[in-house]
Amino acid sequence: MNSSCIPKPFTEKVKLILKNIPKGKVTSYGTIAAMAGSPRAARQVVQIIHRTDNIPWHRVINSQGKIAIKEYEGFQEQKMLLSMEGVESDSNGKIDLDKFKWKCYSLDDLI
DNA sequence: GCCATGGCTAGTA
DNA sequence: GCCATGGCTAGTA
């Protein structure tokens, strides 16, 4: 037995947030980290997205409002998944945050 | 404990 | 530079 059966609050919160981002909206790694209580832990959000299957991942972009992944990492896939929900991005992956940013900054606002 | 990992980011130069 | 995980290792008991 190992510690993997113990709840991991930060990770669980991040997963909960990911599941609650509405279709057609995007948010950033940093925003999610802040909502989960650790404003400077954006890179942990990246890790969690990496290791978690069956979770919506494509609505997360960087704070500049751009798709953050490289071509070989699935840039086109993310772009397409977003466009299917009505989120437009230009060829550089730039998204209009005024239009598409999910306006939610606290866990309390989800529940 | 220590150390590497990582689709980042606020805030200088 | 930040910092939550997971994997590995020295070095106690």
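Excluded from the calculations below are hydrogen atoms, water molecules and symmetry mates; all remaining heavy atoms, backbone and side chain alike, are included. Labels below follow one simple rule: chain letters A, B, ... track the order of the sequence lines, proteins then strands, and each chain is numbered from 1.
- The CZ-C1' distance, from A/R51 to C/dG6, rounds to 7 Å in whole Å.
- For the atom pair CD1 (A/I48) and NZ (A/K15), the distance works out to 7.5 Å, reported to the nearest 0.5 Å.
- The nearest whole Å value for the distance from the CZ atom in A/R43 to the P atom in B/dA4 is 14 Å.
- Salt bridge annotation for A/K25-A/E85: absent, with no cationic side-chain nitrogen under 4.0 angstrom from a carboxylate oxygen.
- Between A/S63 and B/dT9, a side-chain N or O to OP1/OP2 separation shorter than 4.0 Å is present.
- Taking 4.0 angstrom as the limit, A/T11 places none of its side-chain polar atoms (N or O) nearer than this to OP1 or OP2 of C/dA4.
- Evaluation of atom-type donor-acceptor distances gives a pair under 3.5 Å for the side chain of A/Q47 against the base of B/dT5.
- Atom CD1 in A/I69 sits roughly 14 Å away from atom C1' in B/dG6 (whole-Å rounding).
- A/I49 comes within 4.0 angstrom of a base, heavy atoms only.
- With A/V26 as reference, A/L82 is the one residue of A/L82, A/T31, A/I67 to meet the side-chain contact (heavy atoms from CB on, under 4.5 Å) rule.
- Separating the CD1 atom of A/I48 from the P atom of C/dT5 is a distance of 6 Å, rounded to the nearest angstrom.
- In terms of modelled atom types and a separation under 3.5 Å, the side chain of A/S106 and the main chain of A/D108 share a donor-acceptor contact.
- Across every strand in view, B/dG1 sits in a pair with C/dC8 that passes the Watson-Crick or G-U test at under 3.5 angstrom.
- A donor-acceptor contact shorter than 3.5 Å is absent between the side chain of A/N92 and the backbone of A/K94.
- A/V45 comes within 4.0 angstrom of no nucleic acid atom, judged by non-hydrogen atoms across all strands.
- Rounded to whole Å, the distance from OH on A/Y29 to P on C/dT5 is 18 Å.
- Summarising the geometry, the separation between CG on A/L97 and P on B/dT9 is reported as 11 Å, rounded to the nearest angstrom.
- Atom-to-atom, CD of A/Q64 to P of B/dC8 comes out at 11 Å; the value is rounded to the nearest Å.
- When rounded to the nearest whole Å, the span between NZ of A/K70 and P of B/dG6 equals 13 Å.
- Note on A/S28: every side-chain N or O is 4.0 Å or more away from OP1 and OP2 of B/dC8.
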